[in-house]
Amino acid sequence: VAAGARGENIEHLKLRLEARPPTLLLFTEPSEPLPEESKPVEMPFHHCHRDPLPPPGLTPERLHARRQLYAACAVCFVFMAGEVVGGYLAHSLAIMTDAAHLLADVGSMMGSLFSLWLSTRPATRTMTFGWHRSETLGALASVVSLWMVTGILLYLAFVRLLHSDYHIEGGAMLLTASIAVCANLLMAFVLHQAGPPHSHGSRGAEYAPLEEGPEEPLPLGNTSVRAAFVHVLGDLLQSFGVLAASILIYFKPQYKAADPISTFLFSICALGSTAPTLRDVLRILMEGTPRNVGFEPVRDTLLSVPGVRATHELHLWALTLTYHVASAHLAIDSTADPEAVLAEASSRLYSRFGFSSCTLQVEQYQPEMAQCLRCQEPPQA
């Protein structure tokens with residue numbers, strides 16, 4: 001009896017298992033292969049990304065900038081050592097001033113090379129924009145270091161003008177000054193950057209409205225190389241002044257005061273030559289509107305998109321001189337297609353102004369927006 005009961009239970013269990021859906025059977029093969037786990041793939045075009053994911057490492061432009069800085073740094077270091085020796089033998093403060101400027105240039109170029117390497121690090125959840133602004137910080141350190149060294153040398157030149165207890169070796173000064181001019185010409189040639197081609201792409205280096213036709217490209221290039229090039233131009237100007245003073249002292253030793261005078265005058269010129277770079281760096285660090293990108297043209301471009309009634313919370317800023325960012329709220333009609341408005345507005349910002357990143361929020365237009373304080377445009381600076 002017990003054996004018969006066990007047999008009935010086994011038959012009953014088999015019937016229950018067969019009645020279940022095939023996907024719940026434990027020991028049966030599925031009739032269709034299970035779908036594989038989806039993996040993220042890079043799509044050729046995404047609704048919110050105009051450009052594909054950039055490859056890791058330095059861009060071609062930054063690789064070229066790094067080669068320029070390597071070459072200029074090597075030339076600068078060699079001729080700096082020569083000027084230190086020549087200035088010591090000639091007892092010339094002007095030569096030592098030029099050598100000190102070369103030392104500041106070496107330090108600034110090494111800092112720029114470090115910032116170029118740092119800028120290749122990928123974005124993180126803490127540094128969401130990546131490390132692009134390290135290039136701007138490197139340029140700021142370069143300018144500040146030159147100003148500090150120049151201030152010290154201006155003080156020494158002033159002391160020499162008050163006290164004439166020094167002697168200048170005209171021959172050694174003339175030879176060293178001639179070599180310094182050649183060195184600065186060589187570095188200026190290495191660091192010279194031709195203006196980028198006129199571009200309106202999303203990675204364009206400079207903005208120019210399409211309606212205004214072609215214009216002359218602006219020589220921006222890499223920020224660090226640009227700062228180093230400005231330094232070299234200031235040093236080149238000073239080197240010509242030192243050369244003129246050395247010629248005068250060589251033929252007229254009694255006019256040795258030309259040494260501190262040339263140091264004083266051309267150090268001031270070197271300070272003035274760095275003012276544009278310092279202005280651009282401070283504008284970036286203060287989250288100012290990118291140079292040559294106006295608030296009104298961007299606003300008018302957004303308002304010209306079909307379906308856009310108003311725009312507010314418009315913000316324009318830059319991570320570097322060539323990496324521009326924009327964000328805005330677009331108030332649209334109830335009949336407008338939000339996706340179409342978003343696509344058209346983004347396309348116009350990318351093509352007309354060369355923004356590297358645009359973040360636009362689309363929302364329904366409300367009459368109350370005209371009286372909202374936060375929806376008003378910012379006043380003129």
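Owing to the predicted nature of the structure, the values given are computational and were not obtained by experimental measurement. The analysis underlying the following values was restricted to heavy atoms, covering all of them including side chains, and did not include hydrogens, waters or symmetry mates.
E363 is listed as a side-chain neighbour of M369, based on a closest heavy-atom distance under 4.5 Å. A 4.5 Å side-chain heavy-atom check between F79 and M187 finds every atom pair outside the cut-off. You'll find the side chain of F295 reaches within 4.5 Å of the side chain of P378, heavy atoms only. Within the 4.5 Å cutoff, the side chain of L154 has heavy atoms near those of the F264 side chain.
Put simply, the side chain of S262 gets close to the backbone of D259: a donor and an acceptor are under 3.5 Å apart. Of the possible polar contacts, one joining the T301 side chain to the P297 backbone as a donor-acceptor pair under 3.5 Å is found. Without hydrogens or angle criteria, R352 side chain to S347 main chain gives no donor-acceptor distance under 3.5 Å.
Clustering ILVMFWY residues whenever any of their side-chain heavy atoms sit less than 4.5 angstrom apart, transitively, puts L314 in the very cluster that holds V308. Under the 4.5 Å side-chain heavy-atom criterion for ILVMFWY residues, a single connected hydrophobic cluster contains both L303 and V341. A continuous path of ILVMFWY side-chain contacts below 4.5 Å connects V143 to L285, so both sit in one hydrophobic cluster.
The hydrophobic side chain of V78 is isolated, with no ILVMFWY side chain under 4.5 Å apart from it.
Once rounded to the nearest 0.5 Å, the distance linking NE2 of H324 with CG of N292 reads 8.0 Å. A distance of 12.5 Å separates CZ in F158 from CD1 in I261, rounded to the nearest 0.5 Å. The CG atom of L174 lies 6.5 Å from the CG atom of L243; values are rounded to the nearest 0.5 Å. To the nearest 0.5 Å, atoms CG (L302) and CG (L349) are separated by 4.5 Å. Note: L316 CG to E287 CD = 11.5 Å, rounded to the nearest 0.5 Å. Note that the CD atom of Q376 and the CD atom of E313 stand 11.0 Å from one another [nearest 0.5 Å].
Among residues two or more places apart in sequence or in another chain, the side-chain contact (heavy atoms from CB on, under 4.5 Å) test is passed with M148 by V144. F77 pairs by the side-chain contact (heavy atoms from CB on, under 4.5 Å) definition with M80, V106, not counting sequence neighbours. Residues meeting the side-chain contact (heavy atoms from CB on, under 4.5 Å) test with S334, sequence neighbours left out: Q364. Take A72 and apply the side-chain contact (heavy atoms from CB on, under 4.5 Å) test, not counting sequence neighbours, and it matches M109, V190, L191.
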Step-by-step side chain to side chain contact (heavy atoms under 4.5 Å, CB included) determination, C372 to H312: CA-CA 10 Å; C372 178; H312 57 274; over 6 Å; no
Apply the test side chain to side chain contact (heavy atoms under 4.5 Å, CB included) to residues E83 and I179: give CA-CA distance (whole Å), side-chain angles for both, the deciding distance (0.1 Å), then the verdict. CA-CA 8 Å; E83 278 198 320; I179 295 175; over 6 Å; no
Check against side chain to side chain contact (heavy atoms under 4.5 Å, CB included), V181 and V242: CA-CA 9 Å; V181 170; V242 173; over 6 Å; no
T277 vs L140, side chain to side chain contact (heavy atoms under 4.5 Å, CB included): CA-CA, chis, key distance, verdict: CA-CA 8 Å; T277 301; L140 177 62; over 6 Å; no
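Smallest separation of non-hydrogen atoms from A123 and F129: CB-C, 4.3 Å. Of all the heavy atoms in F355 and Y350, the pair that sits closest is O-CD2, 3.2 Å. Summarising the geometry of A328 relative to T311, their closest heavy-atom pair is CB-OG1, 4.1 Å, with the distance given to 0.1 Å. Here the closest heavy-atom approach between residue S356 and residue Y323 is recorded as OG-CA, 3.7 Å. Closest approach of S346 and L360 over heavy atoms only: OG-CD1, 3.6 Å. Contact between T320 and I284 at its shortest, heavy atoms only, is C-CD1, 3.6 Å.
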May I have the list of side-chain donor-acceptor pairs in residues 248-258 shorter than 3.5 Å, sequence neighbours left out?
residue : atom : partner : partner atom : Å
K256    : NZ   : S164    : O            : 3.0
K256    : NZ   : Y166    : O            : 2.6

